[in-house]
Amino acid sequence: MSPAPSVTIIGGGLAGSEAAWQLARRGHPVTLHEMRPVQTTPAHKTDRLAELVCSNTFKSTEVTNAHGLLKSEMQLLGSLILEAAEGARVAAGSALAVDRDAFAAAVTARIESEPLITIVRGEVTRVAGPCVIATGPLTSDALAEAIRERLGVNALAFYDAIAPIIARESIDDEIVFRASRYGKETMAGADEEGAYLNCPMTREQYDAFLDALVAADQYHGHEFDEVPYFEGCMPVEVAAKRGRDTLRFGPLKPVGLRDPRTGRDAHAVVQLRQEDRAGRMWNVVGFQTRLRIPEQQRVLRMIPGLENAEFLRYGSIHRNSYLNSPAALTPHLSARDDSTVMFAGQITGVEGYTESTATGLLAGINLARILSGEEPVVPPPTTMLGALYRYMREADPKHFQPMNANFGLVDDLPQVIRDKKRKRGEIAARSLVEMRHWMETYALLPNGPMPEVVLGRREPGGEWAPAAT
Ligand SMILES: Cc1cc2nc3c(=O)[nH]c(=O)nc-3n(C[C@H](O)[C@H](O)[C@H](O)COP(=O)(O)OP(=O)(O)OC[C@H]3O[C@@H](n4cnc5c(N)ncnc54)[C@H](O)[C@@H]3O)c2cc1C
């Protein structure tokens with residue numbers, strides 16, 4: 001039998017380490033290129049693989065939390081990063097928080113001791129398959145240039161300017177109304193009433209909102225994270241400070257949006273644009289922001305109709321190299337002209353430690369499949385991982401922004417369940433069953449027994465209680 005083809009991984013962060021491990025497990029010799037310590041990024045401090053650049057938590061382990069569900073799916077698939085995180089776990093309730101040094105040391109040791117993986121220190125400046133490019137939000141300039149040359153100059157952005165996303169079911173239909181400005185801004189699939197949800201404000205409401213917005217506490221990032229604000233991605237709080245009417249003549253412009261309840265234009269209107277095909281996620285238009293998370297909750301809940309808003313994603317503005325995946329990549333996140341030039345991690349447009357690792361895991365699985373003549377596969381959108389991939393495949397390329405795991409991405413249940421926790425438990429239960437079925441279909445089952453997490457039980461009240469938590 002001929003040996004499995006060798007592969008290159010660029011970037012020894014969370015996604016790259018996971019991808020390297022998955023490929024080695026499947027018999028491929030791997031060369032893992034990590035530029036540190038020869039060259040470093042503005043955020044990393046050590047030469048270790050899988051260094052956590054900021055917080056030390058992978059967030060919740062509860063399956064009724066989106067990050068917890070994603071972790072359970074990754075556990076089924078056999079994630080090295082999660083195994084190392086469990087080994088370096090520190091007390092943090094149901095969150096998977098780690099001793100960052102012990103965690104990165106454990107990943108580095110596991111990768112170094114894997115005979116099929118060779119680590120090469122130094123910057124990579126060109127793209128050649130078969131490879132997984134997992135160079136993260138702080139991809140070096142030379143490689144970023146090579147990626148732009150390969151995929152097209154508009155494929156790679158250097159900053160994100162993210163507006164919050166609100167769960168549809170938490171928006172008050174007694175107050176918001178559907179309309180498109182002058183009935184014109186329609187979009188595919190929108191009903192005749194118009195594409196946007198509109199939150200009308202009186203003068204008093206606008207004034208109170210503006211006062212709260214300009215006084216709210218902001219996040220101050222690292223120096224390198226200071227973003228040169230272009231008009232199109234200026235934080236809403238910065239625009240608000242320019243003058244009391246700046247927002248009313250900008251994103252909160254009320255003209256052409258007649259409130260059907262009053263028959264008049266409001267003093268100001270906050271618009272929400274549909275983010276996903278199923279209409280569960282709504283983006284607050286023009287509200288990219290650096291406000292701290294509790295401040296985003298407090299200030300945005302002053303907007304009429306959003307008093308009980310459930311945030312599926314918070315706003316942020318960062319230095320972040322990421323691809324416009326729906327426009328530039330295939331559904332399994334490879335270059336369109338070469339399915340063995342794959343991308344993984346934050347550079348694909350996912351956001352967060354767990355999400356980045358998850359795409360590294362699937363990239364490893366898929367590159368191994370492609371190299372042995374099989375089709376790449378993606379889990380169904382009833383799973384959190386499959387739902388994230390669907391977002392990166394189907395999101396509107398004109399408005400594409402990085403996305404974290406959240407329940408708004410996942411297919412709804414056929415039945416209506418009002419209790420939120422119970423509903424999420426049911427979605428999680430379905431997801432883990434479907435993930436296992438998907439793994440069986442494509443022969444992705446681990447050699448040993450499946451991890452405990454699928455052996456959950458349903459409580460007498462109908463609540464899902466996985467065995468592993
Ligand atoms: C400052 C900052 C703070 C963040 N904080 C959090 C947080 O608290 N929680 C959270 O969930 N997410 C956070 N993120 C987002 C994201 O989850 C992390 O950046 C995560 O580490 C991404 O994983 P990754 O594997 O895609 O990239 P990384 O972990 O950054 O790994 C990429 C690796 O590629 C290497 N590299 C880059 N260019 C080259 C090249 N040309 N050749 C060879 N190697 C190269 C880098 O040195 C790095 O080791 C943060 C991001 C940033 C920038």
Side-chain angles (χ1 to χ4, degrees), residues 8-21 31-60 66-67 70-71 79-81 85 95-98 100 103-104 107-108 111 119-127 131-147 156 158-160 162 219-227 293 313-314 316-323 333 342-361 363-364 402-405:
T8 300
I9 308 284
I10 314 176
L14 293 167
S17 301
E18 185 69 63
W21 180 256
T31 306
L32 172 57
H33 295 267
E34 169 50 57
M35 69 177 182
R36 291 175 291 121
V38 182
Q39 183 170 326
T40 193
T41 80
H44 290 82
K45 302 215 165 22
T46 74
D47 63 357
R48 292 203 177 114
L49 303 178
E51 178 182 335
L52 300 180
V53 285
C54 189
S55 93
N56 68 331
T57 169
F58 285 79
K59 302 190 179 148
S60 178
H67 290 95
L70 182 59
K71 277 199 275 296
S79 164
L80 166 73
I81 292 291
L96 176 55
V98 300
R100 68 179 70 237
F103 165 72
V107 175
T108 307
I111 299 272
I119 303 172
V120 176
R121 302 285 179 165
E123 182 191 11
V124 175
T125 57
R126 51 186 286 274
V127 172
C131 68
V132 178
I133 301 169
T135 42
L138 305 169
T139 295
S140 74
D141 292 346
L143 184 65
E145 202 39 54
I147 293 170
L156 188 72
F158 292 106
Y159 297 96
D160 60 35
I162 294 182
Y219 166 76
H220 298 285
H222 305 267
E223 216 168 276
F224 74 87
D225 213 15
E226 286 309 322
V227 178
I293 286 175
R313 181 182 76 184
Y314 288 95
S316 64
I317 300 179
H318 286 127
R319 167 137 175 229
N320 186 8
S321 314
Y322 69 97
L323 291 160
L333 305 179
M342 298 193 44
F343 292 84
Q346 183 108 350
I347 198 170
T348 63
V350 293
E351 167 83 29
Y353 295 158
T354 310
E355 293 86 337
S356 297
T357 307
T359 57
L361 205 168
M403 183 60 73
N404 55 288

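The residues of the chain are indexed from 1 along the displayed sequence. Whatever order the structure lists them in is the order used to number ligands and atoms, beginning at 1. Side-chain atoms are counted along with the backbone in the values below, which use heavy atoms only and exclude waters and symmetry mates.
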Polar atom proximity, E123 to ligand 1 (N or O, under 3.5 Å):
no

Would you call R36-E51 a salt bridge at under 4.0 Å N-O?
yes

Donor-acceptor pair, side chain of E34 and main chain of G11, under 3.5 angstrom:
no

Does the side chain of Q39 come under 3.5 Å of the side chain of S140 through a donor N or O and an acceptor N or O?
no

Using a 4.0 Å cutoff against the non-hydrogen atoms of T135, which atoms of ligand 1 qualify?
32 (C), 34 (O), 36 (N), 37 (C), 38 (N), 39 (C), 40 (C), 45 (C)

For P137, is at least one N or O under 3.5 Å away from an N or O on ligand 1?
no

pair L52-V98: side-chain heavy atoms closer than 4.5 Å:
yes

Which bit of H318 is near ligand 1, meaning a heavy atom under 4.0 Å away: side chain, backbone, both or neither?
neither

Validation row: I347, P137 side chains within 4.5 angstrom (heavy atoms)
no

Taking non-hydrogen atoms only, is L14 closer than 4.0 angstrom to ligand 1 via side chain, backbone, both or neither?
both

Can you list the atoms of ligand 1 that are under 4.0 Å from a heavy atom of I10?
42 (N), 43 (C)

Backbone or side-chain N or O of G16 under 3.5 Å from ligand 1 N or O:
no

Element-labelled atoms of ligand 1 that are located less than 4.0 Å from some non-hydrogen atom of T41
46 (C), 47 (O)

Give the single entry among P42, G11, A134 that approaches atom 32 (C) of ligand 1 most closely by any heavy atom.
A134

Is the shortest heavy-atom distance from the side chain of Y219 to the side chain of S316 under 4.5 Å?
no

For atom 40 (C) of ligand 1, which of the options I133, L32, V124 provides the nearest non-hydrogen atom?
V124

Show me which atoms of ligand 1 lie under 4.0 Å from any heavy atom of G345.
26 (O)

For ligand 1, find out whether one of its N or O atoms is nearer than 3.5 Å to an N or O atom of A15.
yes

Which class fits the ring pair F58 and F103: parallel under 30°, tilted 30 to 60°, perpendicular over 60°?
perpendicular

Would you indicate whether the side-chain heavy atoms of E351 and Q346 approach each other to under 4.5 Å?
yes

By number and element, which atoms of ligand 1 are closer than 4.0 Å to a non-hydrogen atom of R36?
47 (O), 49 (O)

R126 side, atom CZ; I147 side, atom CD1 - distance, nearest 0.5 Å
13.0 Å

Are C54 and Y353 close enough that some pair of their side-chain heavy atoms sits under 4.5 Å apart?
yes

Where does S356 meet ligand 1, judged by heavy-atom distances below 4.0 Å: at the side chain, the backbone, both, or neither?
side chain

Q346-ligand 1 polar pair, N/O distance under 3.5 Å
yes

Is the closest side-chain donor-acceptor distance between H33 and E123 under 3.5 Å?
no

With heavy atoms only and a cut-off of under 4.0 Å, state how A142 meets ligand 1: side chain, backbone, both or neither.
neither

Report yes if R319 has an N/O atom closer than 3.5 Å to an N/O atom of ligand 1; otherwise report no.
no

With heavy atoms under 4.0 Å as the rule, classify the contact between N320 and ligand 1 as side chain, backbone, both or neither.
neither

Check whether any N or O atom of M35, backbone or side chain, sits under 3.5 Å from an N or O atom of ligand 1, and answer yes or no.
yes

Looking only at distances, please establish whether an N/O atom of ligand 1 is found under 3.5 Å from an N/O atom of T57.
no

P37 backbone acceptor or donor facing D47 side chain under 3.5 Å:
no

Just distances here: any N/O of L143 and N/O of ligand 1 closer than 3.5 Å?
no

So, do F343 and T359 sit near enough that their side-chain heavy atoms are less than 4.5 Å apart?
no

Where ligand 1 meets C54 - atom numbers and elements under 4.0 angstrom, heavy-atom basis
3 (C), 4 (C), 5 (N), 6 (C), 8 (O)

With respect to atom 10 (C) of ligand 1, which of Y353, F58, F343, Y322 exhibits the smallest heavy-atom separation?
Y353

E34 N/O to ligand 1 N/O under 3.5 Å:
yes

Run the numbers for me: atoms of ligand 1, each under 4.0 Å from some heavy atom of H44, listed by number.
30 (O), 48 (C), 49 (O)

Flag the pair P42 / R319 as yes when at least one side-chain heavy-atom distance between them is below 4.5 Å, and no otherwise.
yes

Within the structure provided, determine whether L143 and I133 are in side-chain contact (heavy-atom separation under 4.5 Å).
yes

